Enquirer: 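This is the structure I have questions about; it appears just below.
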Number of protein chains: 2
Amino acid sequence: MKLNNPDLKNDKKQTTSGKKESCTKIIQPVQDALYVLSGKWKLPIIISLTYGNKRFSQMAREIPKITDRMLAKELRELEINQLVKRKVYDSIPVMVEYSLTEYGKTLNPAIDELYKWGVQHRKKIIGKD
Amino acid sequence: MKLNNPDLKNDKKQTTSGKKESCTKIIQPVQDALYVLSGKWKLPIIISLTYGNKRFSQMAREIPKITDRMLAKELRELEINQLVKRKVYDSIPVMVEYSLTEYGKTLNPAIDELYKWGVQHRKKIIGKD
DNA sequence: CTGGATCCTGCACGATACTG
DNA sequence: CAGTATCGTGCAGGATCCAG
């Protein structure tokens, strides 16, 4: 299982607004983030968990159109990347509770901005159709 | 050429922090955003352009590992989605200048958060290797 | 210099069936 | 309930060559 972006290499501080420095310094960390969040379902899963700990079937119901296979697969990757925690209760039948790790919660500001942009974008697209 | 997320449908206001409402209301706009930004290169291209208008070959040099084919393809999609402007100068040889539209610039906050998270993440990963 | 045309490959993702 | 196993497929994206 691949854990890290194979291109991980350098490091530097900077913010996207203002400075003139080489944009590749910005691009690399963004690509690192995209790598961990890659795929169609990781952000939806994370969002689902920011609204409370959930069980597998609960998430499967809440996330539109996701399949069991993809849910299981992406949850596994998110767990490996320590964004998601998995807790098994030895009841019958088995019950599994998923939750965000503290690290996972640090994605919240980024998700929030994406959400806000998405809302605007949706308005723009629907408006002119 | 597909322009819009085929699942475009509803709309509502909300922010990711705080409220209790159904998370699917959050998921949909985020997926809309991801749809427009999909692929390995769209954000890197946009970032490159937030640091100034660029010509094709300039971007090809600045964005690590991108191929001419992908650069052309993704620029086309970004132009269709009105995030990027394309201006042709009738010189010999032809010169083309790309720039962000005002709309494209509205992605800045989201990119900035992704960048900040990416920097932290890179530190975390490199730290424990 | 700015791309387009072709060819090729892997893998992301879906569908369906099955299990402890 | 919480997944796994298997199969099939499209398409994203790389490599290479060509063109106005």
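Since the model is a prediction, treat every value here as computed from it, not as a measurement. Here is the naming used below: chain letters follow the sequence lines, and residue numbers restart at 1 for every chain.
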Enquirer: Touch check for A:Tyr89, heavy atoms < 4.0 angstrom, all strands: base, sugar-phosphate only, or nothing?
Expert: nothing
Enquirer: When you measure from the side chain of B:Asp112 to the backbone of B:Asn108, do you find a donor-acceptor pair of N or O atoms at a distance under 3.5 Å?
Expert: no
Enquirer: Of all nucleotides in DNA chain D with an atom under 4.0 Å from a non-hydrogen atom of chain B, which is the first and which the last going 5' to 3'?
Expert: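 Reading along DNA chain D, I get D:dG13 to D:dG20.
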Enquirer: B:Leu71 has an atom CG; how far is it from atom P of C:dG4, in whole Å?
Expert: 10 Å
Enquirer: Could you check how far CD of B:Glu97 sits from P of C:dC1, rounded to whole Å?
Expert: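 Result: 16 Å.
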Enquirer: Please give, in whole Å, the distance from C:dA12 C1' to A:Tyr35 OH?
Expert: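 After rounding, the reported distance stands at 13 Å.
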Enquirer: Quick one, B:Leu75 with B:Arg86, criterion side-chain contact (heavy atoms from CB on, under 4.5 Å). Give me CA distance, side-chain angles, the key distance, then yes/no.
Expert: CA-CA 9 Å; B:Leu75 278 171; B:Arg86 183 175 181 273; over 6 Å; no
Enquirer: Has A:Thr101 got a side-chain atom pairing as donor or acceptor with A:Gly104's backbone, closer than 3.5 angstrom?
Expert: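 Answer holds: yes.
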Enquirer: Any sub-3.5 Å donor-acceptor pair from B:Lys73's side-chain atoms to B:Arg69's backbone N or O?
Expert: no
Enquirer: According to side chain to side chain contact (heavy atoms under 4.5 Å, CB included), who are the partners of B:Glu62, at least two apart in sequence or on a separate chain?
Expert: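 With neighbours one apart ignored, the set is A:Cys23, B:Ser48, B:Lys54.
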Enquirer: Atom CZ of B:Arg55 to atom C1' of C:dC1: distance rounded to whole Å?
Expert: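 Result: 7 Å.
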Enquirer: Reading nucleotides 13-20 of chain C 5' to 3', which nucleotides get B (base under 4.0 Å from a protein heavy atom), which S (sugar-phosphate only), which -?
Expert: BBB-----
Enquirer: Does the side chain of A:Lys65 reach to within under 4.5 Å of the side chain of A:Trp41, using non-hydrogen atoms?
Expert: yes
Enquirer: Looking at CG of B:Leu37 and CD1 of B:Ile111, how far apart are the two atoms once the value is rounded to the nearest 0.5 Å?
Expert: 7.0 Å
Enquirer: So if you build clusters from Ile, Leu, Val, Met, Phe, Trp, Tyr with side-chain heavy-atom gaps below 4.5 Å, do B:Phe56 and B:Met59 land together?
Expert: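 Hydrophobic grouping puts B:Phe56 with B:Met59.
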